[in-house]
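See below for the structure under consideration.
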Amino acid sequence: MESGARQDGRSAPPIAAGDVTQNAPAVDRRALEGGGRAHARTALLRRLIHNRKGAFGVSVLLVVMVVAVLSPQVAPYDPNELHLRDQLSPPSARYWFGTDEAGRDILSRVMYSARPALGAGLLTILLAATVGAAVGLLAGYRGGWFDLIVMRVCDTLLAFPAIFLAIGIVTVLGPGWLNAVLAIAIINLPIFARLARASTLAIRGWEFVTASRAVGCTDARIMLSHVFPNCLAPLVVQMAIAAPEAILVEATLSFLGLGSQPPEASWGNMLSAAQGYLARSATYALFPGLAITLVVIGMNYFADALQDAIDPRRIRNRGPTGD
Amino acid sequence: MLAYLVRRWSALLPTLFLASLLIFGIIRLSPGDPVRMKLGTEATPEEVSGERERLGLDRPLPLQYLVWLADLGRFDLGRSQVNNRPVTQLLAEYFPNTVRLSVTALLLALLIGVPLGCFAALHQGTRIDLLITGLNSLGLAVPQFWLGMLLIILFSVTLQWLPPSGIGDASRSPLLNLSYLVLPVVTIAVLNLSTLSRFVRSAMIDVLSADYIRTARAKGMRERVVVARHALRNALIPVVTVLGIQIGRLLGGALVTETVFAYPGIGRLVVMSILNRDYPVVQGALMLVVLIFLVTTILVDLSYAYLDPRVAPHRAD
């Protein structure tokens, strides 16, 4: 772990000014490596795609993203257009996935639902990771009472099974897609905060941090440009793990009537409606659920492959440890 | 070990306290007026303020919280605002159903998941391993409510083998009502089974490459003994930690599954009470869920420390 540049003892606090400036670039480069430089990034990407699961995950994600962006162009019908003579019809050449109880085209609705689903996955992890990392970083770096409070809050949030906390929060905020996203972000917060804090605690003790302090870096600069890049890898992996989970929770909330609200199409609320017609249409409930499953599998594979690519020594197919 | 035990249990109370604060906050911040919900829109302002006073909702929030906490200490969770039954009575009625559902699902998951993961590890890289890991990925990705609906379409609507909802007739013997448990149990078990099997597989692969396994083989032990006595035993220790995750998943799974199958358990009680704004019931049920979740998590941690003595000193700091 110790690099030659940092082993010569010159990074200890009482140093001549000239020595410090000579050492500084080496320290910086070291700190940047965790964040990934250009060549490291392409290597990572290559490893990711060469992994069969990774390739599958990436392609599923790409397809769903294209559908999400281009749904008005690729969907055969308007998702809210009523075909009153074709209610609950089975799949046919006209309606590939059949129609729902109001005669709306299920394929079009499934396509339009890609947007709220992917949006929920992306937005929740961005929110949770940004806020969680900032709080965790500060808690780990500062310590003291702030750290104590942050950790107690995390413990409290983690004392709830995730879905119970999510519906509790949505009850306060009121049902809706954005509120569901906020709730899912909150249930994910403690995991990111803890991860960032743990990495910060480890990095804080490294010599290059002491060295940067010795050259007069401010705390903010040390945290942002030295500590943060070094705890990025576990955070990115956790984001990849949390995103499909977030999509599942958003679908569950919509299914319970607390997430995306009808008539806005979402996989969860389509399934909620389909529940009333299980006996009359066997295919209505089929396709929205298939869509969720496919996206979640794709994203899980992507997360797996990402972990393998970041740490090739990692034993393959280890189960997810976060919940 | 004793210090570890004391530390773990003593951390329970502050967390429970903070959780109770959060639950109280969630309920009081929720939109909608429970008094109006109860009395309807026809009620006169006098009736509303009288009812509000009777329920103690006119007092300042911190005081309301303290009163609630004191009642909680006496196991008095108030009464449902929908049917005026004591919340403790409701919980006592619904909770055993959830326990029955979750415990059966966990047993099923263990019974299938552990051998499956073990089998996949022993045949690592073969087609059978690929099939098992593929099924695991599928099990982890399938939304539980959708799986429940598919099972209803297949076994209740099409084949008409099993009832789609409810819990059966309480006056009949429990054995006759077992058919009501099958679909919900399977629905919950699939996720837990996949997690377990995936974890057992990777733990087993780890262990199988350990030196002591090579030693055991080298001294001429039969493969079956090596696998059962040396490998599986050690592989199962880390699996205990996944059980901690499973508890949260079981409770969450119960919430979703009970909703799909109209099964009268604690999860359905929470969902129904939230939709009805029946605050005392939501508070009581959430408190119970948190208590169970925390206690079982600690028990899992302690049993892990007991099974693997190396753990306790690590976690002590």
Side-chain angles (χ1 to χ4, degrees), chain A residues 53 152-153 155-174 244 247-249 251-252 255-258 267-268 271-272 274-275 278-283 285-286 288-290 292-301 304 315-323, chain B residues 11 14-16 18-19 21-23 25-27 29-31 133 136-138 140-147 149-150 152-153 156-158 164 195-196 198-199 201-202 205-206 241-242 245 247-253 255-256 259-260 267 270-271 274-275 277 282 286 289-290 293-294 297:
Chain A
K53 279 183 166 185
R152 280 292 85 78
V153 171
D155 285 348
T156 310
L157 291 178
L158 290 172
F160 292 79
I163 187 80
F164 281 88
L165 185 58
I167 65 170
I169 298 169
V170 176
T171 311
V172 177
L173 301 174
I247 289 181
L248 271 179
V249 177
T252 306
F255 174 74
L256 295 173
L258 299 168
W267 296 327
L271 284 171
S272 178
Q275 212 191 353
L278 294 185
R280 287 170 59 195
S281 167
T283 50
L286 192 64
L290 266 182
I292 303 177
T293 309
L294 184 69
V295 170
V296 173
I297 285 191
M299 292 177 88
N300 279 341
Y301 277 0
D304 267 3
I315 292 135
R316 265 136 210 265
N317 304 330
R318 178 159 304 236
T321 44
D323 195 348
Chain B
T15 313
L16 262 183
L18 288 171
L21 208 59
L22 183 62
I23 291 172
I26 285 179
I27 300 305
L29 290 172
S30 298
T133 38
N136 286 343
S137 308
L138 195 66
L140 288 172
V142 169
Q144 282 177 311
F145 52 94
W146 183 57
L147 181 64
M149 289 162 77
L150 290 184
I152 291 178
I153 292 179
S156 304
V157 176
T158 312
T195 320
L196 271 171
R198 205 174 135 124
F199 206 87
R201 175 180 176 275
S202 66
I205 289 174
D206 267 3
T241 50
V242 219
I245 302 168
I247 295 153
R249 290 215 165 142
L250 279 172
L251 288 167
L255 184 140
V256 176
T259 307
V260 174
V270 168
V271 173
I274 281 189
L275 295 178
R277 300 208 181 291
V282 181
L286 281 182
V289 167
V290 168
F293 188 43
L294 285 176
T297 310

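Below, read A as the first sequence line, B as the second, and so on, with proteins coming before strands; counting in each chain starts at 1.
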query = Side chain, backbone, both or neither: which part of B:Ile152 has a heavy atom under 4.5 Å from chain A?
reply = side chain
query = Which region of A:Leu173, side chain (C-beta onward) or backbone (N, CA, C, O), has a non-hydrogen atom less than 4.5 Å from a non-hydrogen atom of chain B, or is it both or neither?
reply = neither
query = Side chain, backbone, both or neither: which part of B:Val282 has an atom under 4.5 Å from a heavy atom of chain A?
reply = neither
Interchain contact, B:Leu251 with chain A, by part (heavy-atom threshold 4.5 Å) = both
inquiry  = Need one label for B:Val290: side chain, backbone, both or neither, based on atoms under 4.5 Å from any heavy atom in chain A.
reply    = both
request  = Begin with the C-alpha distance, continue with both residues' side-chain angles, and end with the deciding distance and a verdict on side chain to side chain contact (heavy atoms under 4.5 Å, CB included) for B:Val289 and A:Phe160.
outcome  = CA-CA 8 Å; B:Val289 167; A:Phe160 292 79; over 6 Å; no
remark   = Honestly, the part of A:Leu294 sitting under 4.5 Å from a heavy atom of chain B is neither
request  = Look at B:Ile274, B:Leu138, B:Thr297, B:Val256 and state which one has the largest set of heavy-atom pairs under 4.5 Å with chain A.
outcome  = B:Ile274
request  = Give, as side chain, backbone, both or neither, the part of B:Leu22 having an atom under 4.5 angstrom from any heavy atom of chain A.
outcome  = side chain
inquiry  = Please classify the contact of A:Phe255 with chain B as side chain, backbone, both or neither, using a heavy-atom distance under 4.5 Å.
reply    = side chain
key: Non-neighbouring partners of B:Leu255 that pass side-chain contact (heavy atoms from CB on, under 4.5 Å), sequence neighbours left out   = A:Ile163, A:Phe164, A:Ile167, A:Leu256, B:Val271
task = Apply side chain to side chain contact (heavy atoms under 4.5 Å, CB included) to the pair B:Val142 and A:Ile292, showing each step before the final yes or no.
result = CA-CA 7 Å; B:Val142 169; A:Ile292 303 177; over 6 Å; no
task = Locate the shortest heavy-atom distance separating A:Gln275 from B:Thr259; write the atom from each residue and the value.
result = NE2-O, 4.2 Å
